[in-house]
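Notes for the one structure printed next.
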Amino acid sequence: MDVAVPLVVALSGLPALGLALWTGEANAPQARAIGLRWALVALCLFIGAIGLYFAGDSKRLVYAVVIAMALGVNALLVSMLLRLRKDGNGNPRQ
């Protein structure tokens, strides 16, 4: 695997980083928590891109990196959705 695929994965993390900066600036009670989760999604994609770069042509390592990256991003998105279901004090919305 050459540099193109890890570069595309790393570039796909930039919108998540932009969303993290934009969301974190708001004055809403949950804004910092959601911004943090977006930043962690971007970090997961950046680390996945580094993993893909070092995996090279080994299919087993590429599969492991892609599965770990997918699990990490999906876990963070589920965490974000669960956080959005709570109000500013941490209590579930009714």
Side-chain angles (χ1 to χ4, degrees):
M1 182 181 308
D2 55 354
V3 178
V5 174
L7 183 62
V8 168
V9 172
L11 289 176
S12 69
L14 290 178
L17 193 59
L19 280 170
L21 293 172
W22 179 62
T23 307
E25 291 178 354
N27 290 329
Q30 297 178 344
R32 292 183 68 187
I34 299 303
L36 173 67
R37 283 165 177 83
W38 277 117
L40 290 175
V41 166
L43 182 65
C44 184
L45 289 172
F46 294 151
I47 291 173
I50 293 170
L52 285 175
Y53 178 74
F54 285 120
D57 290 331
S58 172
K59 285 189 176 185
R60 185 181 300 174
L61 290 176
V62 169
Y63 287 144
V65 169
V66 169
I67 289 171
M69 189 171 44
L71 287 174
V73 168
N74 286 324
L76 286 166
L77 291 178
V78 167
S79 169
M80 189 181 316
L81 290 175
L82 291 175
R83 178 66 185 167
L84 286 173
R85 292 188 61 194
K86 296 181 180 182
D87 63 5
N89 297 327
N91 300 323
R93 289 186 184 168
Q94 298 194 7

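Please read all numbers here as calculations on a predicted model, not as lab measurements.
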| field | Nearest heavy-atom neighbours spanning Ala20 and Ala39 | value | CB-N, 3.5 Å
| Got a donor-acceptor contact below 3.5 angstrom from the Arg85 side chain to the Leu81 backbone? | no
| remark: Heavy-atom nearest pair, Thr23 first then Ala31, reads O-CB, 3.3 Å
| query | Once you round to the nearest 0.5 Å, how far does CG of Leu52 lie from CD1 of Ile47? | reply | 12.5 Å
| field | Contact summary for Ala42 and Gly13, nearest pair of heavy atoms | value | CB-O, 3.5 Å
| So, for Ala33 and Arg83, which heavy atoms are closest and what is the spacing to 0.1 Å? | CB-NE, 3.7 Å
| field | Shared hydrophobic cluster, Leu21 / Leu14 (ILVMFWY, side-chain heavy atoms < 4.5 Å) | value | no
| message | As an exercise, state the distance from CD1 of Ile34 to OG of Ser79, rounded to the nearest 0.5 Å. | response | 7.5 Å
| field | ILVMFWY network linking Met69 to Val62, side-chain heavy atoms under 4.5 angstrom | value | yes
| said: Would you say Val73 ends up clustered with Val8 if hydrophobic residues are merged whenever their side chains have heavy atoms under 4.5 Å apart, either directly or through other cluster members? | reply: no
| message | Measuring from atom CG of Leu43 to atom CZ of Arg37, what distance do you get when rounded to the nearest 0.5 angstrom? | response | 14.5 Å
| message | I need the Phe46 CZ to Leu11 CG distance, nearest 0.5 Å. | response | 8.5 Å
| note | The reported gap from CH2 in Trp22 to CG in Leu17 (rounded to nearest 0.5 angstrom) is 14.5 Å
| Taking a hydrophobic cluster as the set of Ile, Leu, Val, Met, Phe, Trp and Tyr residues connected by side-chain heavy atoms closer than 4.5 Å, whether directly or through intermediates, do Leu19 and Val9 fall within one such cluster? | yes
| message | Would you say Tyr63 ends up clustered with Val65 if hydrophobic residues are merged whenever their side chains have heavy atoms under 4.5 Å apart, either directly or through other cluster members? | response | no
